[in-house]
Amino acid sequence: MIDIRLLRNAPEVVRAAMDRRAKPDLIAQLDHALRLDARLRDIVVERDEVRHQVNNISKQVGSLREAGDTTGAEVLMAQSRDLGTRAAGLAAESVEVESALREVMLCIPNLPHADAPDGTSDRDNRVVVGPNNLPTSFPTHRRVPHWETAEQLGILDNERAVKISGAMFTMQRGLGATLARALCQYALDANVDAFEEIRPPSLVTTATLTATGQLPKFADDAYSIERDDLWCIPTAEVPLTSIYAGEVLREDELPKRLMAYSPCYRREAGSAGRDTRGMLRGHEFDKVEIFALALPEQAPELLVELRDRAERLISALGLPYRIIEICTGDFGQSHHRSFDLEVYAPGCDTWLEVSSVSWFSDYQARRADIRVKRGMQKGTDFAHTLNGSALAVPRVWAAILENFREEDGSVTVPSVLRPYMRGAERITRP
RNA sequence: GGAACGGUGGCAGAGUGGACAAAUGCAUCCGCCUUGAAAGCGGAAGGCCCAAAAGGCCCGGGGGUUCGAAUCCCUUCCGUUCCGCCA
């Protein structure tokens with residue numbers, strides 16, 4: 001959520017920020033929020049005034065009774081009853097306006113960072129690092145899509161995954177399954193120097209999914225378990241962000257660095273029929289997420305740290321990659337500044353997004369109500385949240401199969417993964 | 001799923017219709033004392049709305065009773081214990 005006070009006191013600043021996102025209907029939403037806010041404050045002021053009168057009268061009733069003046073007390077009680085009715089009416093009205101305002105505010109996206117590049121679509125995203133590790137050319141045996149290689153090696157069985165669960169589910173077998181798990185272990189071990197490992201729940205409440213920004217606007221993208229009013233997480237970012245929801249932390253507790261392996265569930269509404277082969281897009285996949293909860297002034301450095309860590313993992317695997325800075329027109333709702341890490345897959349001849357590292361300023365913390373108490377300072381500040389995929393398994397898995405395919409059709413296992421694959425150096429035909 | 005008991009400030013915990021934003025203890029901060037620290041003594045200090053003052057709100061959430069609710073009633077969520085079931 002953006003700060004309603006900022007919108008109220010400097011609407012032109014917020015309007016300019018929303019302009020940068022290149023979504024014309026946002027301005028109308030801002031005006032709508034502004035109107036509701038003005039109305040709400042009028043009602044609240046009046047409600048408080050009436051309540052004040054009720055409180056005063058009640059005190060007088062008490063003392064009159066003590067003094068034995070029952071008639072005087074009766075008169076005041078009648079007055080107070082009327083005022084009470086009026087206060088109740090105003091209170092009901094304020095609740096209504098407040099929830100309408102909240103609904104609008106929950107849909108207004110975050111303000112972009114000043115340094116985020118302007119743009120209207122993903123075409124305006126900028127390559128900021130790389131390409132690195134990119135050979136000048138690929139031999140023909142590396143121009144094979146991973147699903148073909150995987151089938152030859154017997155390590156991917158999507159046909160049966162579909163039988164079991166329906167379209168867009170994948171299933172790895174043998175060393176393919178081992179490779180998927182190895183990638184997670186590798187990503188966790190590489191960050192354990194600074195990050196606490198969490199194994200979060202994969203099913204979360206509506207409030208939790210609202211905190212990170214998926215709800216209320218993007219409900220169609222998530223799986224819901226209606227009977228129990230729970231949602232399947234689309235990323236570990238969701239439970240990690242809410243770990244400290246509703247809490248007030250001391251400033252010396254920050255930054256907090258957390259990481260988690262989790263399965264991720266996405267309905268991929270609107271993507272039916274796209275990337276149906278192989279491992280590029282599925283309803284369920286594994287990912288290791290790294291997350292930081294920080295003081296505002298710590299956030300810029302942490303953004304670089306998270307990005308560097310994601311980069312190092314990919315780089316150490318020996319995969320060709322580049323880093324893209326996302327432009328304002330391609331931002332997700334909660335983004336303040338954001339980078340994608342892409343890996344080149346020669347078999348598909350495309351760059352695959354394998355990681356996304358983002359800074360959300362206080363947008364998510366405001367929704368989750370994560371605050372910081374600084375010293376003896378009066379009041380509290382909202383924390384900042386940042387996160388990034390350390391490693392998203394399926395596309396890295398695919399990129400490994402395409403980049404390290406040998407002439408005989410086997411795949412060389414990157415050396416950093418071998419300890420996690422019982423020493424296996426290659427994946428060969430059965 | 002059934003039963004019982006609970007949910008109050010950073011934590012622990014008192015308060016069962018009015019003077020309660022709420023005792024007390026621990027933790028925190030400032031001062032005194034001390035070479036320094038501890039102990040001791042004195043003092044400060046909850047969150048939220050509003051630009052702020054005034055004012056209002058906040059004792060898990062919601063609703064009700066009442067002139068007035070932390071306190072009574074209903075409901076819901078969460079926790080603990082016991083029973084049942086279960087990886």
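Chain A is the first sequence line, chain B the second, and so forth, proteins listed ahead of strands; every chain is numbered from 1.
- In a base pair of the Watson-Crick type (N1 to N3 plus N6-O4 or O6-N4) or a G-U wobble (N1-O2 and O6-N3), with each distance short of 3.5 Å, B:A12 is matched with B:U24.
- For B:C57, the OP1/OP2 oxygens have a side-chain nitrogen or oxygen of A:Asn55 closer than 4.0 Å.
- Protein atom CZ of A:Arg250 is 12 Å distant from nucleotide atom C1' of B:C11, rounded to whole Å.
- Listed nucleotides B:G47, B:G56, B:A51 differ in distance to A:Arg8; the shortest reach to its side chain belongs to B:A51.
- Residue-level contact check: A:Arg371 touches the backbone only, with heavy atoms under 4.0 Å from sugar-phosphate atoms and none from bases.
- Sequence order on RNA chain B of the closest nucleotides to A:Gly84 and A:Gly62 puts A:Gly62 first from the 5' end.
- In this structure, of B:C57, B:G68, B:G55, it is B:C57 that holds the atom nearest to the side chain of A:Arg51.
- If you take CG of A:Leu6 and P of B:C49, they are 15 Å apart, rounded to a whole angstrom.
- For the residue pair A:Ser358 and A:Ser338, a side-chain donor N or O sits within less than 3.5 Å of a side-chain acceptor on the partner.
- Following rounding to the nearest Å, A:Asp48 (CG) and B:C48 (P) show an atom-to-atom distance of 17 Å.
- Counting non-hydrogen atoms under 4.0 angstrom, A:Ser58 reaches a base of the nucleic acid.
- For the residue pair A:Glu237/A:Thr212, the side-chain donor-acceptor check at 3.5 Å is not satisfied.
- Distance A:Asp228 CG to B:U76 C1': 16 Å, rounded to the nearest Å.
- Side-chain contact annotation: A:Gln152 with A:Arg405, donor-acceptor N/O pair under 3.5 Å present.
- No more than 12 heavy atoms of other residues, nucleotides or ligands sit less than 6.0 Å from atom NZ of A:Lys59.
- Spacing between atom CG of A:Asp252 and atom C1' of B:A27 amounts to 13 Å, rounded to whole angstrom units.
- Separating the CE atom of A:Met77 from the P atom of B:G68 is a distance of 9 Å, rounded to the nearest angstrom.
- B:U35: no Watson-Crick or G-U partner with both key distances under 3.5 Å is found in any strand.
- Proximity of A:Lys373 to the phosphate of B:A45: no side-chain N or O atom is located under 4.0 Å from OP1 or OP2.
- For the OP1/OP2 pair of B:G68 and a distance below 4.0 Å, the side-chain nitrogens and oxygens of A:Ser80 include no atom meeting the criterion.
- A close approach under 4.0 Å does not occur between any side-chain nitrogen or oxygen of A:Arg81 and OP1 or OP2 of B:G68.
- Pair check for B:G42 finds B:C30; Watson-Crick or G-U wobble, both atom distances under 3.5 Å.
- Taking atom C1' on both B:A22 and B:G17, the two are 15 Å apart, rounded to the nearest angstrom.
- Classified by interplanar angle (parallel below 30°, tilted 30° to 60°, perpendicular above 60°), the ring pair A:Trp359/A:His384 is tilted.
- Atom name P, nucleotides B:C59 and B:A69: the rounded distance is 11 Å, in whole Å.
- A distance of about 29 Å separates the C1' atoms of B:A87 and B:C5, rounded to the whole Å.
- Rounded to a whole angstrom, the distance from the C1' atom of B:U71 to that of B:A23 is 15 Å.
- The gap from the C1' atom of B:A54 to that of B:C32 amounts to 38 Å, rounded to the nearest Å.
- Ring planes of A:Phe169 and A:His283: tilted class, angle from 30 to 60°.
- Which of B:C67, B:G56, B:A51 sits closest to the side chain of A:Arg47 comes down to B:G56.
- In this entry B:G7 has B:C77 as its Watson-Crick or G-U wobble partner, both defining distances falling under 3.5 Å.
- For A:Arg41, taking side-chain heavy atoms from C-beta onward, the closest of the listed nucleotides B:C50, B:G55, B:C67 is B:C50.
- Rounded to whole Å, the separation between the C1' atoms of B:U65 and B:C26 comes to 39 Å.
- Straight-line distance between the P atoms of B:U24 and B:G42: roughly 13 Å, to the nearest whole Å.
- Looking at which nucleotide of RNA chain B each of A:Lys59 and A:Arg5 is closest to, the 5′-most match is held by A:Lys59.
- The separation between A:Ile4 atom CD1 and B:A51 atom P is 11 Å, rounded to whole Å.
- Comparing B:A70 with B:U8, their C1' atoms are spaced 7 Å from each other, to the whole Å.
- Across all strands shown, the partner of B:C72 is B:G64, judged by Watson-Crick or G-U wobble contacts whose two distances both fall under 3.5 Å.
- Note on A:Asp37 versus A:Arg41: salt bridge recorded, some NZ/NE/NH1/NH2 to OD/OE distance being below 4.0 Å.
- Between the NE2 atom of A:His52 and the P atom of B:A54 there is a distance of 11 Å, given to the nearest Å.
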